[in-house]
Colleague: 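The structure follows.
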Amino acid sequence: MTGQRLDLALLGAGLARSRTHARRIIEEGRARLDGRPVVKASAPVPEGALLSVADVPDGIEYASRASHKLAGALDALGLDPHGLHCLDAGASTGGFTDVLLRRGARRVVAVDIGHDQLADHVRDDERVHVLDGTSVRDLTSELIGAQVELLVADLSFISLRTVVEPLGSVVQPGGDLLLMVKPQFEVGREALPRTGVVTDARARAGAVRGVAEGASQAGLTLLAVGPSALPGQDGNREYFLHLRAAGVTCTLDAEACDMIGDAVRENQPRVRGADDFFQED
């Protein structure tokens with residue numbers, strides 16, 4: 001069989017924004033050739049073959065792979081951004097912002113230290129307020145105009161423990177935070193394997209617990225924890241913490257520690273008061 005390779009064919013057909021995006025679609029198992037899934041970027045596409053991409057919400061591809069992570073976490077942990085004033089910390093290309101918008105957020109403040117990275121369809125949405133060139137360490141209610149009702153965060157090359165206090169400060173009392181914990185940025189350089197992948201479950205649990213402890217000291221209560229629906233690009237397992245702005249500093253309680261340990265060990269979400277909120281199959 002001869003023909004153009006699949007990643008280039010997706011790009012040429014307008015089904016991907018770039019060759020990198022095309023490869024992501026293929027790796028996620030969403031590329032279809034005459035209705036059949038194809039998982040190799042180099043697979044040849046015969047002339048006249050029908051190309052398509054599965055799981056495209058609203059007919060427009062999500063802004064990034066991270067969108068699928070947040071969408072999965074919102075579903076697993078029972079959070080609904082509809083009608084809420086939100087903030088996306090570490091917006092980058094807008095993967096998290098994209099999900100919030102599609103799920104009916106009233107307004108999203110997209111904060112990133114970089115510039116001009118948002119996907120066009122995200123940046124052009126009138127509900128988005130862009131704060132480029134802004135460190136999350138510098139976040140204040142005055143800077144963003146008002147406290148938000150929901151904050152989501154996808155940060156790299158920084159420990160969430162060092163920024164959880166300013167993140168919490170811009171969430172109104174009773175509001176929620178959904179933070180994606182990346183153990184590779186929490187365990188410390190000395191404990192990180194040469195591969196950059198944290199394979200030790202105890203180390204991963206310790207990383208998540210460290211962020212939760214910092215959150216408790218910043219007046220945030222842990223309500224739920226769950227694994228990301230997708231791993232990090234290098235294969236690292238990542239976890240979402242659902243926190244609520246309680247306004248009272250405390251130490252991490254035993255139930256929270258048990259929730260974290262169970263979520264990491266069993267790779268399943270755990271919610272405080274599980275009998276009321278979460279039922280296992």
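Not measured: the values here are computed from a predicted model. Nothing fancy with the numbering, it's 1 onward along the sequence.
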Colleague: Measuring from atom NE2 of His115 to atom CG of Asp112, what distance do you get when rounded to the nearest 0.5 angstrom?
Modeller: 9.0 Å
Colleague: Assess the residue pair Arg270 and Asp258 against the criterion (salt bridge (Lys or Arg N to Asp or Glu O under 4.0 Å)); give the C-alpha distance rounded to whole Å, side-chain angles, the decisive distance to 0.1 Å, and a yes or no.
Modeller: CA-CA 9 Å; Arg270 287 294 178 264; Asp258 288 343; over 6 Å; no
Colleague: Would you call Ile113 and Thr134 a side-chain contact if the rule is heavy atoms closer than 4.5 Å?
Modeller: no
Colleague: Nearest heavy-atom pair of Leu131 and Ile144: which atoms, and what distance?
Modeller: CD1-CG2, 3.8 Å
Colleague: Determine whether Leu79 and Asp176 satisfy the following criterion, side-chain contact (heavy atoms from CB on, under 4.5 Å), listing intermediate values before the conclusion.
Modeller: CA-CA 9 Å; Leu79 275 169; Asp176 295 296; 4.1 Å; yes
Colleague: So how far is it from Leu241 CG to Leu77 CG, rounded to the nearest 0.5 Å?
Modeller: 9.5 Å
Colleague: How many angstroms lie between atom CG of Leu118 and atom CG of Asp132, to the nearest 0.5 angstrom?
Modeller: 6.5 Å
Colleague: Using a 3.5 Å distance criterion without hydrogens, assess whether the side chain of Ser228 forms a donor-acceptor pair with backbone atoms of Pro231.
Modeller: no
Colleague: So, the side chain of Arg30 versus the backbone of Ala54: is there a donor-acceptor pair under 3.5 Å, distance only?
Modeller: yes
Colleague: Apply the test side-chain contact (heavy atoms from CB on, under 4.5 Å) to residues Lys69 and Glu238: give CA-CA distance (whole Å), side-chain angles for both, the deciding distance (0.1 Å), then the verdict.
Modeller: CA-CA 9 Å; Lys69 299 180 183 181; Glu238 299 167 342; 2.8 Å; yes
Colleague: Is there a path of hydrophobic side-chain contacts, each under 4.5 Å between heavy atoms of I, L, V, M, F, W or Y residues, that connects Val152 with Val128?
Modeller: yes
Colleague: Can you check whether Val109 reaches Cys86 side chain to side chain, under 4.5 Å on heavy atoms?
Modeller: no
Colleague: Cut-off 3.5 Å, side chains only: do Asp262 and Gln268 have a donor facing an acceptor?
Modeller: no
Colleague: Take Leu10 and Leu51, measure what side-chain contact (heavy atoms from CB on, under 4.5 Å) needs, and give me the verdict at the end.
Modeller: CA-CA 7 Å; Leu10 287 171; Leu51 274 177; 4.3 Å; yes
Colleague: Would you call Leu177 and His242 a side-chain contact if the rule is heavy atoms closer than 4.5 Å?
Modeller: no
Colleague: Indicate yes or no for a side-chain donor-acceptor contact from Asp234 to the backbone of Asn236 under 3.5 Å, with no hydrogens or angles considered.
Modeller: no
Colleague: In terms of hydrophobic clustering (I, L, V, M, F, W, Y; side-chain heavy atoms under 4.5 Å; direct or indirect links), are Val136 and Val211 co-clustered?
Modeller: yes
Colleague: Using the test salt bridge (Lys or Arg N to Asp or Glu O under 4.0 Å), find all partners of Arg237 that sit at least two apart in sequence or belong to another chain.
Modeller: none
Colleague: Quick check: closest heavy atoms across Ala110 and Ala91, and the distance to 0.1 Å?
Modeller: CB-CB, 3.8 Å
Colleague: Can a donor-acceptor pair be found, under 3.5 Å and without considering hydrogens, that links the side chain of Ser216 to the backbone of Ala212?
Modeller: yes
Colleague: Are Met180 and Leu220 joined in one hydrophobic group, where the rule is that I, L, V, M, F, W and Y side chains link up if heavy atoms are under 4.5 Å apart?
Modeller: no
Colleague: Using 0.5 Å steps for rounding, measure from the CG atom of Leu87 to the CG atom of Leu84.
Modeller: 12.5 Å
Colleague: Would you find a donor on one side and an acceptor on the other, under 3.5 Å apart, between the side chain of Gln172 and the backbone of Ala245?
Modeller: no
Colleague: Can you give me the closest heavy-atom contact between Val99 and Tyr62, atom names plus distance?
Modeller: CG2-CE2, 3.8 Å
Colleague: Do Leu160 and Leu155 have side chains that approach each other closer than 4.5 Å (heavy atoms only, starting at C-beta)?
Modeller: yes
Colleague: Are Leu50 and Leu33 close enough, and set up right, to give a side-chain contact (heavy atoms from CB on, under 4.5 Å), and what steps lead you there?
Modeller: CA-CA 6 Å; Leu50 177 62; Leu33 182 58; over 6 Å; no
Colleague: Looking at Val170 and Ser141, what are the two nearest heavy atoms and their distance?
Modeller: CG1-N, 3.8 Å
Colleague: Nearest 0.5 Å please: distance from the CZ atom of Arg24 over to the CZ atom of Arg65.
Modeller: 8.0 Å
Colleague: Identify the heavy atoms of Leu178 and Phe240 that sit nearest to each other, and give their distance.
Modeller: CG-CD2, 3.8 Å
Colleague: Counting only heavy atoms from other residues, nucleotides and ligands, does the tally under 6.0 Å from CZ of Arg19 exceed 12?
Modeller: yes
Colleague: Check the side chains of Ser135 and Arg137 for a donor-acceptor pair under 3.5 angstrom, ignoring hydrogens and angles.
Modeller: no
Colleague: State, yes or no, whether a side-chain contact exists between Leu179 and Val164 at a heavy-atom distance under 4.5 Å.
Modeller: yes
Colleague: Do Gln217 and Thr249 get their side chains close enough for a donor-acceptor pair, meaning under 3.5 Å?
Modeller: no
Colleague: Rounded at 0.5 Å granularity, tell me how far CG in Asn267 sits from CZ in Arg204.
Modeller: 8.0 Å
Colleague: Going by salt bridge (Lys or Arg N to Asp or Glu O under 4.0 Å), name the pairs with one or both residues in residues 85-100, residues two or more places apart or in two chains.
Modeller: Asp98-Arg102
Colleague: Looking at Val122 and Gly94, what are the two nearest heavy atoms and their distance?
Modeller: CG2-O, 4.0 Å
Colleague: Is there a path of hydrophobic side-chain contacts, each under 4.5 Å between heavy atoms of I, L, V, M, F, W or Y residues, that connects Val53 with Leu6?
Modeller: yes
Colleague: Between Arg161 (side chain only) and Glu186 (backbone N and O only), is there a donor and an acceptor less than 3.5 Å apart?
Modeller: yes
Colleague: Any side-chain heavy atom of Tyr239 within less than 4.5 Å of one from Pro183?
Modeller: yes
Colleague: If you group Ile, Leu, Val, Met, Phe, Trp and Tyr by side-chain heavy-atom gaps below 4.5 Å, do Val225 and Leu243 land in one group?
Modeller: yes
Colleague: Would you say Glu149 and Val171 make side-chain contact, with heavy atoms under 4.5 Å?
Modeller: no
Colleague: Within the 4.5 Å heavy-atom criterion, are Val108 and Arg127 side-chain neighbours or not?
Modeller: no
